[in-house]
Amino acid sequence: METPEGIDLLLRPAGLVPRALAFAIDLAIRAAILLALFIILGMLGNFGIGLGTLLLFLVQWWYMVLFEVLNQGRTPGKYWLGLRVVHDDGTPVGWTSSLTRNLLRFVDMLPFGYFLGALSCLGHPAFKRLGDLAAGTLVVYRERPQARPALPEVEAAKPPFALSLDEQRALIAFSERHASLSAERRLELASILAEPLAVTGENAEAKIHGIARSLVGAP
Amino acid sequence: MQLSDASVSIRPRSPWEALDLGTLLARRHAKLLMTTWAAVTLPLFGLISLLLWQHPSLALLLFWWLKPLYERLPLHILSKALFGETPDFRESLRAFPGLLRPQLLASLTWRRLSTTRSFDLPVQQLEGLDGKARKQRLLTLSLRSGRAPSWLTVVGVHLEGALWLGLLGVLYFLLPAQLVQRWNWEDLLGLSAEWLWLEHLSNLLYALVLIVWEPIYVACGFSLYLNRRTHLEAWDIELAFRRLRQSLLSAAPAVLLACGLLFWPAAHDAWAAAPTADTAQQGPESERLLNQPLTSETARERIDALLDQPPFQHRETVTRWRFGAQDSPQEPGALARLLERLLQGGSLWESLESLAQALEVLLWTALALLVALLLWRYRDWLQTFGSGIQLPARRRQPAPAQLFGLDVAPESLPNDVASEAERLWQHDPRAALALLYRGLLSRLLHDFQLPLKAAHTEGEVLARVRQLQREPLSRFAEQLTQHWQHQAYGHRNAEDVVRDELCAGWRALFAEESKS
């Protein structure tokens, strides 16, 4: 996805499994709300039944829509799973699309238990169910703020040759992820670059860390 | 295994994204995966069903229990396809018997109900690990990999169920209604022998569902496994490093060596000098260019002033009426009093009932308002398209001024029609009868609002009069019409008796109006 300003936005559509889990969470929340409501309102006679029916309507039909529109495309279930609903072009979802995609849930459910929705979701390249297709929406992974990984404390070193962006990223990633790699694997990886860096295999790792630190800059 | 041959972009993903990658992977090779799966499972399913024809549930259980065996084939295909050596249908099937042997018993007994089956399978099949080594390897891999494999299985179980019931639902919808009505549900549930085929049919539907879902399930497990190894072994970094090394070494080793020898010490010096230079160097915030009219300070001030002006800043002042503050203390007081009265005036119960009624009234009002609003909103539309419905009823055709060549406008008639007719009868009976008939038509048109047209005949006019269901009027009209027809078309003069009768009839019918 590229904006008119030439900025690339990466949308990562979410597939069936996280979406199904998010839906299950939402379903459980709704069921809990309705159960609590009916227990409380059941004690209030006719008034309670009337109010309960109203609230049932509200919860059943507007729960998803209200959360999606007012909470940046995230129902509680989607929030939990790190998902959000956006338009196809990445803009926040609006009333029309949200209503469309949630009303068409009933088409997705045909003939039983999201039969059509599941098939459509498995078959579409962007994992859209029928409601998403009609409303032009997309369920994507939300970008979560990440803590900056700590780089190993070594002296910064200048790279001895020009590096493209991808190569810089790889060097930094090696340094950032060194904690999750075993020592043998680190040595193995670093020794790939030992020859171009003109150092021995054992020193290559420290050298790469140094280059990464200079690329990242001061913390 | 050559990472550079991988047909998917290798990068560390979240477990959920890895699952999605599996779905995409399965879709890319969907045809091969589904046909091979069908080729393996459907004959087996047929065999099991035939052997256990009397016990359909047992047949299904057995078929389901053997699932880990069939799953080895899609994994084999996927692992080959990942590195670009996609086998064709024949090769895949030929490879299948060889895949079955290892750890057959374990897969079908104590590992059958493991929820991480899809994730464990690659370790067992592709790495060929068994026993303790396998356990240790799995422990390493599943560390911090989250619960995605288990969730995958949980979702898979539900999805299989939903798809199966969905297919059954489709089948049910397709049955003719007569057949469904004749069904005896007790027979169906009572497992009578005639309905065995139906149970086997529903088992077959399950086998069909697996054709769609199982390749995806296996592919998801495989991609989770790949993702975990990418995390643990930094495959993406290895790829990038190898590429970098290749480009550096192949491009210009001599130049590189020269660079290394020549610039290395210099670069090192520069780096060592950097920290001191950093503190001494003037940043953009410090005051610079002090020896010229436009110093950095004034420049910044001017830039700030410019940025504060309209193209960059848009400010507006909004003035608006607000309610005075004196209302706020009253409102809670009124509400509190209302609540108090509600609670005191009757029991809480009654007040709730009345509240319910109030709510109901409110809702109905809201509905009425909504309808009114809609009508108002679409009034133009309604005027344009809705008036066509009411048009013929509302707009009356203008009454014709002449019928049968007779002037029937009320203005053309004398005030007292009967007396005038009596007077005319003396010398011109035809004119007298014509006057009476004219008078009648005129009355019918204007007093009784009969929609008469110039095309109507006398008989049709009579029929219309009869529809009014006024006995004296229709009798008089019949009489008059008959005599008028005799006079007009037969030129037969009526007798004086007729004159008196008609005039009396006229007076009796229209007396009050003629008086007034």
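So that the names make sense, note that chain A is the first sequence line, chain B the second, and so on, each numbered from 1.
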What part of [X] lies closer than 4.5 angstrom to a heavy atom of chain B: side chain, backbone, both or neither?
X	value
A/L116	neither
A/A173	both
A/I208	side chain
A/H178	neither
A/P13	backbone

Determine, for [X] against [Y], whether the closest basic-nitrogen to carboxylate-oxygen distance falls under 4.0 angstrom.
X	Y	value
A/K78	A/E68	yes
A/E167	B/R243	no
A/D166	A/R169	yes
A/R101	A/D108	no
A/R185	B/E233	no
A/K128	A/D88	yes
B/E238	B/R245	no

Which region of [X], side chain (C-beta onward) or backbone (N, CA, C, O), has a non-hydrogen atom less than 4.5 Å from a non-hydrogen atom of chain A, or is it both or neither?
X	result
B/E360	neither
B/V212	side chain
B/H231	backbone

I'd like to know if the side chain of A/R129 pairs up with that of A/Y114 as donor and acceptor (distance under 3.5 Å, no hydrogens or angles considered).
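No.
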Which one of B/L21, B/L19, B/L167 has the most heavy-atom pairs closer than 4.5 Å to chain A?
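Top count of heavy-atom pairs under 4.5 Å with chain A: B/L167.
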Look at B/I216, B/L152, B/T23, B/I237 and state which one has the largest set of heavy-atom pairs under 4.5 Å with chain A.
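Highest number of pairs under 4.5 Å: B/I237.
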Heavy-atom pairs under 4.5 Å with chain B are the metric here; pick the option from A/L171, A/L119, A/L21 that has the most.
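Among A/L171, A/L119, A/L21, the one with the most close pairs to chain B is A/L21.
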